[in-house]
Amino acid sequence: MSILNREFLNKLRHWHSTVAQTLALPANCVLCGGTAKRGLCAGCHHDLPRLPASLCPRCALPTPDGGLCGGCLKAPPAFDASFAALEYTGVVGQLIPAAKFGGRWSLLPMLAETLLHRLPVAPSVDLILPLPLHANRLKERGFNQAVEIAKPLAKSLHVPIGHDMLIRNRDTEHQARLTQAARHKNLRGAFVATAAIAGKRVAVVDDVMTSGASLDAAARALKKAGAVHVEAWVVARTL
Ligand SMILES: [Zn+2]
Ligand SMILES: [Zn+2]
C-alpha cells in the first residue's frame with residue numbers, strides 16, 4: 001500500500017470514529033449507564049469531586065483561607081494565577097484518560113464546562129493557548145485534549161485562541177516516573193513562544209495539573225517571549 005493510501009485510510013478511520021462518537025452523544029452515562037446528555041448523567045455530574053472554594057490563587061492547591069500556599073511562598077511558579085475545577089481522583093481519574101485515550105471525546109466539552117464555572121465571568125486575558133502536544137504525540141493521538149477543552153471556553157468567554165504561538169519543540173512524554181526535580185529539568189526548554197505573544201495576557205489550558213512542571217515551563221517560555229501575565233487553566237488538579 002502506498003503511503004498516501006495508508007494516510008487516507010487512517011483519516012477515514014479517524015473520521016468514522018468521530019462520526020460514530022457524535023452519533024453516540026446522547027447515549028448513556030459512561031459511569032453508571034443511566035440516561036446522559038453529554039457523557040454523564042445528572043447524578044454522576046453532581047457527584048464529581050470538585051475542589052473546595054478556597055484555593056491558592058497562584059497554583060490552585062486548597063488553602064484554609066484562600067491565601068498563597070507554602071510552596072508558592074517559597075518558590076512561586078512562572079505562571080501568575082491558576083484556576084482548576086475538579087480534584088484528579090476517583091472517577092475524574094477515569095474520565096480524563098477515557099476522554100484522552102479511550103476515544104470518549106464527547107466528555108471534553110462537559111469537563112471544560114466544569115472549569116468555566118470556576119473562571120471569572122470576564123477573565124482579564126487576551127488569548128487562550130492550549131498547552132501544545134509534541135508533533136509525535138499529536139500524530140499518535142490524533143487530537144490534543146487541551147485544544148478540545150480550550151475551544152468551548154474561548155467560545156463562551158469570547159476570548160480568541162492563539163494558534164501556533166506556543167510550540168512544544170521537545171518530546172517530553174512519560175514524565176510520570178520522574179521525581180519533581182527531574183520533571184522540571186526534563187522540561188527545561190521544551191516550549192518556545194513566538195514574538196506575537198509580547199505584551200499579551202494569556203491563559204494556558206490543559207486537562208490536568210500534576211506537578212505543574214509543564215505549565216511552569218510553558219509560562220517561562222511565554223514570559224521570555226514578552227507575555228506580561230500568564231494564567232494556568234486546568235480541568236483537574238492532583239492534590
Ligand atoms: Zn451516571
Ligand atoms: Zn500555591
Side-chain angles (χ1 to χ4, degrees), residues 21 24-100 102-115 117-120 123-125 131 179-181 183-184 187 201-220 222-223 227 229-239:
Q21 178 93 18
L25 258 182
N28 295 16
C29 173
V30 297
L31 294 176
C32 75
T35 312
K37 249 196 211 153
R38 288 194 299 158
L40 282 193
C41 72
C44 290
H45 190 271
H46 179 264
D47 291 344
L48 286 174
R50 287 173 175 79
L51 286 168
S54 69
L55 300 173
C56 169
R58 195 86 188 237
C59 76
L61 277 181
T63 51
D65 52 359
L68 285 174
C69 73
C72 288
L73 281 172
K74 240 191 281 164
F79 41 84
D80 303 283
S82 291
F83 294 92
L86 306 172
E87 185 184 344
Y88 192 69
T89 185
V91 294
V92 176
Q94 297 165 15
L95 290 173
I96 290 180
K100 255 159 97 167
R104 301 257 185 198
W105 303 314
S106 61
L107 292 168
L108 291 168
M110 181 274 295
L111 292 167
E113 202 178 290
T114 63
L115 173 56
H117 290 304
R118 293 302 287 257
L119 294 171
S124 61
V125 295
L131 192 76
T179 63
Q180 177 107 346
R183 279 180 191 214
H184 281 272
L187 280 158
R201 299 173 62 88
V202 299
V204 184
V205 172
D206 203 9
D207 55 343
V208 185
M209 188 192 294
T210 309
S211 69
S214 304
L215 288 157
D216 181 65
R220 235 165 255 282
L222 289 162
K223 293 237 166 130
H229 177 84
V230 180
E231 297 186 359
W233 293 1
V234 294
V235 168
R237 175 91 171 87
T238 55
L239 299 187

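Since the model is a prediction, treat every value here as computed from it, not as a measurement. Along the sequence shown, residues carry numbers from 1. Note that ligands are numbered from 1 as they come in the structure, with each ligand's atoms numbered from 1 the same way. Side-chain atoms are counted along with the backbone in the values below, which use heavy atoms only and exclude waters and symmetry mates.
The CG atom of Leu95 lies 12.0 Å from the CG atom of Asp207; values are rounded to the nearest 0.5 Å. In this structure, Met209 CE and Leu215 CG are separated by 5.0 Å, a value rounded to the nearest 0.5 Å. To the nearest 0.5 Å, atom SG of residue Cys59 and atom CZ of residue Arg237 are 5.0 Å apart.
Around the Zn ion (ligand 2), the protein N, O or S atoms closer than 2.8 Å are Cys56 SG, Cys59 SG, Cys69 SG, Cys72 SG, listed by chain and residue number. The Zn ion (ligand 1) has Cys29 SG, Cys32 SG, Cys41 SG, Cys44 SG as its protein N, O or S neighbours under 2.8 Å.
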Stepwise salt bridge (Lys or Arg N to Asp or Glu O under 4.0 Å) check, Lys223 with Asp80 = CA-CA 11 Å; Lys223 293 237 166 130; Asp80 303 283; 2.9 Å; yes

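Residues Asp65 and Ser54 are not in side-chain contact: their nearest non-hydrogen atoms beyond the backbone lie 4.5 Å or more apart.
Applying the side-chain hydrogen bond (donor to acceptor under 3.5 Å, both in side chains) rule to Glu87 yields no partners; only residues at least two apart in sequence or on another chain are considered. Under the side-chain hydrogen bond (donor to acceptor under 3.5 Å, both in side chains) criterion, Arg220 pairs with Asp216, sequence neighbours left out.
Listed for the Arg201 side chain is a donor-acceptor partner under 3.5 Å among the backbone atoms of Ser124. Remark: side-chain polar atoms of Arg38 are not paired, donor with acceptor, to backbone N or O of Ser106 under 3.5 angstrom.
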